[in-house]
Amino acid sequence: MNKALIISGGGSKGAFAVGVIKDLITTYQLNFDTVVGTSTGSLIAPLAAMQQLDVLERLYTTFNTDDLIEHYDIGARVKQSSLFTANGLGANVKQIFTDDFYAALIKAGKKIYLTSTCLQSGELVVFTTDPDPAPGSYYTVQKIQNADHFRKAIMASASQPVFMPPIHVNENLAVNPGYQFVDGGVREYAGVGIALDTGATELFTILLAAKNEAPATNQFSDLVPILMQTIDIFITDVSANDLYGPRQLINFINYINDTRQNMLRAGVPAHTIDQYFSNQNPAYANLINRAAIKWHIIQPDQPLGGGPGGLEFDPDAMRQMLVTGQTTAAAYVAALKPGEVDWAIGKPQLVPA
């Protein structure tokens with residue numbers, strides 16, 4: 001099966017995703033050639049593809065907020081492009097995603113998709129290392145040209161608008177050098193549809209929003225907390241919409257595959273089944289003739305913390321998020337039906353007590 005990993009946005013909550021990935025790779029030896037990352041997921045995606053788990057764990061368990069984001073008085077930033085700056089994050093991106101790392105990523109043939117939102121066009125723009133990407137069905141695809149372009153695409157995807165400055169990803173290129181890009185989560189919280197467009201047949205989707213979100217207990221009286229909470233609510237709405245479309249598409253594809261199998265078991269000849277499902281419309285053919293899709297969704301049951309937008313980075317809290325990710329992944333796999341996946345057969349399953 002063509003396995004794709006999809007990682008949602010969520011700031012410091014990305015530590016949970018690191019725990020999930022650590023369990024999937026170390027316990028079940030899963031390998032992902034296609035990885036789609038949004039916001040904090042774009043920081044994680046390349047390292048997950050290259051299985052650099054130690055670097056991932058260090059990135060998400062050793063830095064605090066001041067190491068990554070510079071806070072300012074709101075009055076001093078009225079005429080600036082963001083309330084905060086992210087020079088610390090930028091320095092870490094340059095240190096981790098070096099020219100050598102990028103060269104190794106390309107040599108390994110890893111297909112990384114990083115989502116961003118263009119402020120000028122309003123489009124969802126997906127930057128990719130895939131040498132032959134499929135045309136975007138609802139987004140624009142742009143190939144990454146070099147290591148510097150790669151780093152800027154990561155920063156753009158991770159830059160939450162208003163709080164962090166927009167990025168001129170293409171400033172040294174001929175195509176739209178003046179365009180500014182921000183967090184892909186503005187348009188796409190989790191790139192499930194992007195993974196489907198790559199032809200993936202088994203999707204591992206890590207969502208950082210909790211299944212059971214509790215209402216805030218505090219009163220909001222200051223401008224910045226109100227703004228952050230509003231953006232958090234917006235992201236929650238985007239996440240629900242993002243999953244609805246892919247869920248219907250996957251259900252349809254799997255229904256067609258189940259129907260074909262039931263017809264074969266009923267004695268209907270294969271060529272007759274093909275005639276029933278033949279259609280000259282390419283859009284239908286791409287759905288009717290696709291293999292069945294397995295879709296795994298792994299997310300925390302309860303809120304992880306990290307503040308609105310995940311912009312609070314506390315090493316102790318993030319270490320706990322990582323552990324929660326590991327145990328949640330193990331519990332998810334343990335709950336799968338026998339024979340539902342081949343990669344878990346004969347592998348140890350660490351189930352939390």
Side-chain angles (χ1 to χ4, degrees), residues 1-8 13-38 40-61 96-97 100-114 128-130 190-192 194-196 198-208 250 291-300 318-353:
M1 276 191 167
N2 181 355
K3 295 178 174 62
L5 175 66
I6 303 108
I7 310 157
S8 81
K13 299 176 180 68
F16 173 88
V18 174
V20 173
I21 293 164
K22 185 175 181 180
D23 186 66
L24 294 178
I25 290 176
T26 58
T27 305
Y28 307 105
Q29 288 78 57
L30 288 176
N31 181 56
F32 305 101
D33 290 318
T34 300
V35 187
V36 184
T38 295
T40 197
S42 288
L43 294 165
I44 298 169
L47 295 168
M50 297 298 285
Q51 299 196 358
Q52 293 194 10
L53 301 181
D54 290 344
V55 179
L56 264 178
E57 188 162 349
R58 177 170 58 83
L59 180 61
Y60 279 87
T61 59
I96 294 170
F97 301 109
D100 288 343
F101 176 93
Y102 178 76
L105 184 75
I106 298 302
K107 184 177 180 180
K110 299 297 183 181
K111 299 175 182 179
I112 309 300
Y113 289 79
L114 310 173
T128 181
T129 61
D130 190 339
V192 179
I194 298 167
L196 287 171
T198 70
T201 52
E202 187 165 14
L203 312 180
F204 295 78
T205 304
I206 304 175
L207 304 179
L208 302 180
I250 291 170
I293 295 170
K294 294 184 182 295
W295 189 15
H296 310 285
I297 300 176
I298 303 175
Q299 68 182 127
M318 293 166 72
R319 278 189 284 271
Q320 183 55 54
M321 292 181 202
L322 191 148
V323 172
T324 301
Q326 287 182 280
T327 55
T328 302
Y332 174 84
V333 176
L336 293 173
K337 297 176 182 177
E340 193 168 352
V341 294
D342 55 3
W343 44 265
I345 296 176
K347 303 291 173 62
Q349 297 181 5
L350 176 64
V351 183

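Values reported hereafter were calculated over all heavy atoms of this structure, with side chains retained and with hydrogens, waters and symmetry mates removed.
In this view, Thr205 and Trp295 satisfy the side-chain hydrogen bond (donor to acceptor under 3.5 Å, both in side chains) rule, not counting sequence neighbours. Scored by the salt bridge (Lys or Arg N to Asp or Glu O under 4.0 Å) test, Arg58 finds no partners at all (sequence neighbours excluded). Take Ser8 and apply the side-chain contact (heavy atoms from CB on, under 4.5 Å) test, not counting sequence neighbours, and it matches Tyr189, Ala190, Leu207, Leu208. For Tyr332, the side-chain contact (heavy atoms from CB on, under 4.5 Å) test picks out His296, Ile298, Leu336, with sequence neighbours left out. Contacts of Thr128 classified as side-chain contact (heavy atoms from CB on, under 4.5 Å), with partners at least two apart in sequence or in another chain: Tyr113, Asp130, Pro133, Val141. Remark: Lys294 engages no residue in a salt bridge (Lys or Arg N to Asp or Glu O under 4.0 Å) (not counting sequence neighbours). Shown here are the side-chain contact (heavy atoms from CB on, under 4.5 Å) partners of Ala292, two or more places apart in sequence or in another chain: Asn254, Asn257. Every salt bridge (Lys or Arg N to Asp or Glu O under 4.0 Å) that Asp33 has, sequence neighbours left out, goes to Lys110.
Considering all non-hydrogen atoms of both residues, Leu56 and Ala48 come closest at CD1-N, 4.0 Å. Closest approach of Gln51 to Leu30, counting heavy atoms only: NE2-O, 3.3 Å. Looking at every heavy atom in both residues, Thr129 comes nearest to Ile106 through CB-CD1, 3.9 Å.
Atom NZ of Lys111 has 12 or fewer neighbouring heavy atoms from other residues, nucleotides or ligands inside a 6.0 Å radius.
The list of salt bridge (charged side-chain N to carboxylate O under 4.0 Å, His left out) pairs with a residue in residues 41-53, not counting sequence neighbours, is empty.
Under 3.5 Å, the side chains of Tyr60 and Thr40 contain a donor-acceptor pair of N or O atoms.
The backbone N or O of Leu24 lies less than 3.5 Å from no partner atom in the side chain of Thr27, so there is not a single donor-acceptor pair.
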- Task: Any chance you could lay out the side-chain contact (heavy atoms from CB on, under 4.5 Å) test for Met50 and Leu105, step after step, and finish with the verdict?
- Result: CA-CA 7 Å; Met50 297 298 285; Leu105 184 75; 3.6 Å; yes
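Asp23 contributes atom CG, which lies 9.5 Å from atom OG1 of Thr328 (distance to the nearest 0.5 angstrom).
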